[in-house]
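Keep in mind it's a predicted model, so treat the numbers as computed, not measured. Each chain gets a letter, A, B and so on, in the order the sequences are listed, and its residues count up from 1.
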Amino acid sequence: MAHWLMKSEPESYGWDDLVRDGGTEWDGVRNNAARLHLRAMKKGDEAFFYHSMSDKAVVGIMRIAREAPPDPKNADWVSVRVEPVKAHARPVTLAEIKAEPRLAKMELIRQSRLSVAPVRDEEWQVVLQLSAK
DNA sequence: GCCAACGTTGGC
DNA sequence: GCCAACGTTGGC
């Protein structure tokens, strides 16, 4: 099972909105690299929900409930369905991630503008540990 | 509010 | 096919 990280500004659509809705269609991704990651997601994969801009923290875990449909007429419509799994006991801030040497290679750090990014298994575990502290 | 990083567009 | 100009994202 693969792991991912998906960003949203909490003011436009945050973790609380996701929980309220019980899940959502993750669309509106325009960046091509991010789109490729969306297409690579499989049902059952898990993803961190990251609040960008005002919050800058990983706040919870989502599950990919439906993969992107194949061959859309318009690449802009690529989307997956995500559902909330669990809020972190404690959000893991960007500052903490940057301060943790084992997370230095995260795509989140290396390419800050990428809104949908893969997360390595080791990195996933480290972030989980930080969220439980 | 500023600016760095990155992507896209369009002129040549 | 190159590159300058411009737009967007997101951290600071």
Side-chain angles (χ1 to χ4, degrees):
Chain A
M1 184 181 71
H3 293 117
W4 310 92
L5 180 145
M6 301 160 89
K7 292 184 185 178
S8 180
E9 293 186 42
E11 287 76 19
S12 73
Y13 195 88
W15 175 261
D16 291 343
D17 298 305
L18 181 69
V19 171
R20 179 199 62 213
D21 296 343
T24 195
E25 199 71 14
W26 201 281
D27 54 14
V29 173
R30 298 196 191 146
N31 175 281
N32 204 48
R35 222 182 262 143
L36 287 172
H37 293 316
L38 269 191
R39 310 226 94 228
M41 291 179 180
K42 297 294 179 191
K43 184 178 176 179
D45 284 357
E46 289 182 328
F48 285 135
F49 193 120
Y50 177 82
H51 279 172
S52 62
M53 304 294 283
S54 59
D55 198 18
K56 282 168 285 183
V58 178
V59 294
I61 299 169
M62 306 184 282
R63 176 180 171 276
I64 308 305
R66 200 214 62 243
E67 300 171 18
D71 303 322
K73 295 166 199 158
N74 182 343
D76 290 342
W77 296 343
V78 170
S79 69
V80 298
R81 182 167 180 83
V82 294
E83 292 173 357
V85 173
K86 193 166 182 281
H88 280 164
R90 206 181 55 82
V92 179
T93 66
L94 180 63
E96 289 176 89
I97 291 172
K98 286 193 162 178
E100 170 53 62
R102 289 174 293 171
L103 299 177
K105 290 185 178 173
M106 277 190 84
E107 299 309 313
L108 176 70
I109 307 297
R110 301 179 67 147
Q111 195 182 339
S112 67
R113 286 183 55 205
L114 190 59
S115 63
V116 181
V119 176
R120 295 171 189 85
D121 291 345
E122 319 84 78
E123 295 163 349
W124 181 269
Q125 294 304 327
V126 172
V127 173
L128 280 186
Q129 285 165 22
L130 292 175
S131 74
K133 276 185 182 172

Integer-rounded Å distance: [N] [atom2] and [X] [atom1]:
{"X": "A/Asn32", "N": "B/dT8", "atom1": "CG", "atom2": "P", "answer": "6 Å"}
{"X": "A/Asp55", "N": "C/dT9", "atom1": "CG", "atom2": "C1'", "answer": "17 Å"}
{"X": "A/Leu5", "N": "C/dG10", "atom1": "CG", "atom2": "C1'", "answer": "14 Å"}

Between A/Phe49 and A/Trp26, is the gap from one ring center to the other below 6.0 Å? yes
Is a donor from one side chain sitting under 3.5 angstrom from an acceptor on the other, for A/Thr93 and A/Glu96? yes
Consider the side chain of A/Asn31, meaning its heavy atoms from C-beta on, and name the nucleotide among C/dG10, C/dC12, B/dG7 that approaches it most closely. B/dG7
Please confirm whether the backbone N or O of A/Thr24 pairs with a side-chain atom of A/Asp21, one donor and one acceptor, at under 3.5 Å? no
A/Gln111 (side chain) donor-acceptor with A/Arg113 (main chain) under 3.5 angstrom: no
Sequence-distant partners of A/Ala87, side-chain contact (heavy atoms from CB on, under 4.5 Å), two or more places apart: A/Trp15
Using OP1 and OP2 only, check whether a side-chain N or O of A/Lys7 sits under 4.0 Å from C/dT8.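 No, outside the criterion.
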Below 4.0 angstrom from OP1 or OP2 of C/dT9, is there any side-chain N or O of A/Tyr50?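 Negative; the distance criterion is not met.
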Near DNA chain B, under 4.0 Å by heavy atom, which residues of residues 107-116 of chain A? A/Gln111, A/Arg113
Please name all residues satisfying ring pair (Phe, Tyr, Trp, His ring centres under 6.0 Å) with A/Phe48, sequence neighbours left out, ordered by chain then number.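 With neighbours one apart ignored, the set is A/His88, A/Trp124.
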Closest-nucleotide ordering on DNA chain C, the 5'-leading residue of A/Ala95 and A/Arg30: A/Arg30
